[in-house]
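In what follows, chains are A, B, ... by sequence order, proteins preceding strands, each numbered from 1. Heavy-atom basis, side chains included; hydrogens, waters and symmetry copies ignored.
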Amino acid sequence: MKRIAASTTVLVLLVMMGATQLVAKDKDDKDKDDRGSVNATELAGAGVIAAVMVGGAGYLLLRRRTRLSK
Amino acid sequence: MKSGLASTRPEVRVVVGAAGGATDQRAVELPVLWTRCRQEPVFLVAVAPLFLLSIDFFLAPALRNTSFFLATALFFALVVRHLSLQPVDKTIDKTRSAVSPLRLTIFCFLHLPLIALANLLGSRDAVYDPSYSGLLLAAAKVLVFLPTAVLLTRQTRQSLLRQFRPELIASGIALLTYFPFRLFFAAWSFYSTLLAHSVQFLAGLFVTGLVYVPGTSPTIRGPVLDVHILFGCSGLDGMRLFQILFFLLLVCDWDRMRRWRTLTGYAAGLTAILLANAMRIAAMVVIGNRISADLVMRYHLEAGWVYVTAVFLLSLLLSYRWLLATNAEFPALTSTPVEPQSR
């Protein structure tokens, strides 16, 4: 249980870091090229993916806890 | 063999649908499940449109629709879940699972008017078009499912409707309600006003001197910070997040969920997300005018996702047990194992 929670948390953090880095890199590139700021759609997409992963991990933990406590 | 493997029959290998202590009593083994899936005409209902619609999307890009893929995936997953746990309905007509060439031809021809309609009405801005042509295109995106009915005989259709009614209803709701961009866009002039007034009321409890400035993007003018309510603040992305997570919940717990409570929970969850969105913007107005405007401007996008995820988890924490049925209420959980069919 703890192992699953720990690995899920690490995975989620890695994905969030990766997504943030990608968005930040994209933003920097666009700023350097003077082509405007990061696309709102890209930012929303990265946000949804990260939030889905965190929400999904939270749900799976809750599900497991509920089953174990039965 | 690792834990979770059944040991009662020599041919049994892997158990599907593992769910707590009832696993060994009700789950169906993978080979049996595969046999069942192949025999079920219901898979034709999902596979045939998926195949032909891929061609449709190529020929008429305006028909492309994320809701379709999500609804089909949800239907697949729920049917597999159903078949892995429930006894097969013996009255179902399995003799007609092979499609006659005539039915297949009619099915293909019925797609042609939809492709023509989509190419006629489709444009880059069609999704923003509130006129009849935009609505027709939106209808065409949903109607692409209908020709599938001709693939099945009347008897098969009836038995499918009888056996998989909850799965069909769930995927139908997903098809019609997932990410309702067009609805939000059409209702934005009304909804933005309602949202801005709600925000002004909520934030007005903590900040004095707030002024509502009407417009396409209404503004809440404060003593320190003015907050513009754009279409992106409508809560649509929060709804999408809630829907994706709720569909995950459906797939994982379909066999244990109380159907009506699930529907109620879905509607209540969507409403809660919209209310929480109004509270989120109100909190931004309060923090921006009372604590730090810079903090709000710098982090409001990222904080929005954390907030929406927290709202989902909190609502799930409060309602999860309520959504689930107990073993006594669900006979399938305590029923005897289903005998494997002939292979």
Donor-acceptor under 3.5 Å (R63(A) side chain, L249(B) main chain): no
Sequence-distant partners of S189(B), side chain to side chain donor-acceptor pair (under 3.5 Å), two or more places apart: none
Crowding at CZ, F231(B) (>12 non-hydrogen neighbours, <6.0 Å): yes
Distance-minimising heavy-atom pair for V48(A) and L241(B): O-CD1, 4.1 Å
Where L245(B) and V52(A) come nearest, the two heavy atoms and their spacing: CD2-O, 3.5 Å
Greater than 12 external heavy atoms within 6.0 Å of W260(B)'s CH2: no
Residue-level interface, residues 308-316 of chain B with chain A, non-hydrogen cut-off under 4.5 Å: T309(B), F312(B), L313(B), L316(B)
Any residue meeting side chain to side chain donor-acceptor pair (under 3.5 Å) with Y320(B), in chain and number order, not counting sequence neighbours: D253(B)
All salt bridge (charged side-chain N to carboxylate O under 4.0 Å, His left out) counterparts of R298(B), not counting sequence neighbours: D294(B)
For chain B, the option from G58(A), A51(A), G56(A) that forms the most heavy-atom pairs under 4.5 Å: A51(A)
